[in-house]
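For reference, the structure is listed below as structure tokens.
For the numbers below, each heavy atom of this structure counts, side chains included, while hydrogens, waters and symmetry mates do not.
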Amino acid sequence: MAPALRTIGLHKNFGGLVATADVSLTLEPGARHALIGPNGAGKTTFVNLLTGVLTPSAGRILLEGADITGESAHRRVRRGLARTFQINQLFRDLTPLETIGLAVSERQGTGRDWWRRVGTKGAVIGEIVAIAERFGLGDALEERTATLPYGKQRLLEIAIAFACRPRVLLLDEPAAGVPEAERHEILAAVAALPRDVAVLLIEHDMDLVFSFADRISVLVNGALFRDGTVEEIARDPAVRAVYLGEEADA
Ligand SMILES: Nc1ncnc2c1ncn2[C@@H]1O[C@H](COP(=O)(O)OP(=O)(O)OP(=O)(O)O)[C@@H](O)[C@H]1O
Ligand SMILES: [Mg+2]
């Protein structure tokens, strides 16, 4: 079986700055894989390369064996590579019902005005409600997104990505900025993602990383510094020194 996602020698310069340095990384089908590293290590740049937001300076990206390096961002989503959206101005004024509906109808190719024909779209509504409930948004379906607690807004981002029926889901700090009292909801939603979706989680919170992942890759200065099981990474003195800010012999 082809890996869910694989990069080969992925490289990105911004002028003289090397943000991604020859990264070859494999995400197995159904993986629970964390990507960690200090601020500015190149984690978000890597996701931007994977999703087609940025064009690599060199290297290749394979999704389930198919070379997607030159494909548009939109085409990659259609193939099953999704990431969490940043909530933009449009989405802030919509409800979760409308927003998830957009993602579902986009995937189905039914157009953006699905709610005008709601009577004929019972299946869409059923799917929207199921997704909303999975991400703790069942009671907030008709609220304006901007008025939701921040944790719920971030859950909506994951819900939108999930509505694309991804094979690979990229989560870039899904709990960042979420108040402590709401974090557990995000952790639970991430933990409950179906096992047939491979997940790459970028996160600074080590408790979350260790509870979620079975494999961890460590980026430092754009390059893959270590790649291993959670146990291997947790006890690696060089990782502790570089990333956790501990003494190498601690
Ligand atoms: N569009 C850009 N133009 C120029 N430099 C950029 C651009 N995007 C990112 N960089 C630089 O690339 C490096 C990697 O940034 P990136 O945002 O990928 O790091 P990160 O690991 O996601 O950090 P954080 O943990 O803070 O989110 C940084 O030095 C950053 O300043
Ligand atoms: Mg980042």
Drop me the distance from Leu35's CG to Arg215's CZ, to the nearest 0.5 angstrom.
13.0 Å
Look only at the side chain of Ser217 and the backbone of Asp227, and say whether a donor-acceptor pair between them is shorter than 3.5 Å.
no
Could you tell me whether a side-chain N or O of His11 sits under 3.5 Å from a main-chain N or O of Asp22, the two making a donor and an acceptor?
yes
I'd like to know if Lys43 pairs up with Glu173 as an ion pair, taking the criterion as any Lys NZ or Arg NE/NH1/NH2 lying under 4.0 Å from an Asp or Glu carboxylate oxygen.
no
Could you tell me if the side chain of Glu143 sits less than 4.5 Å from the side chain of Thr95, heavy atoms only?
no
I'd like to know if the side chain of Arg165 reaches the main chain of Arg107, judged simply by a donor and an acceptor atom lying under 3.5 Å from each other, with no hydrogens or angles considered.
no
So, taking the atom named CG in Leu201 and the one named CG in Leu170, what distance separates them when rounded to the nearest 0.5 Å?
10.5 Å
I'd like to know if the side chain of Arg32 reaches the main chain of Phe212, judged simply by a donor and an acceptor atom lying under 3.5 Å from each other, with no hydrogens or angles considered.
no
Are the side chain of Ser72 and the backbone of Arg75 linked by a donor-acceptor contact shorter than 3.5 Å?
yes
So, the side chain of Arg83 versus the backbone of Thr51: is there a donor-acceptor pair under 3.5 Å, distance only?
no
Side-chain (Lys12) to main-chain (Thr55) donor-acceptor, under 3.5 angstrom:
yes
Is Ser57 reaching over with its side chain to a backbone N or O of Asn13, donor-acceptor style, under 3.5 angstrom?
yes
Quick check: does any side chain N or O of Glu157 sit under 3.5 Å from a backbone N or O of Thr84, one acting as donor and the other as acceptor?
no
Lys/Arg-Asp/Glu bridge criterion (N-O < 4.0 Å) met for Glu185, Lys152:
yes
Arg183: partners by salt bridge (Lys or Arg N to Asp or Glu O under 4.0 Å), with sequence neighbours left out:
Asp205
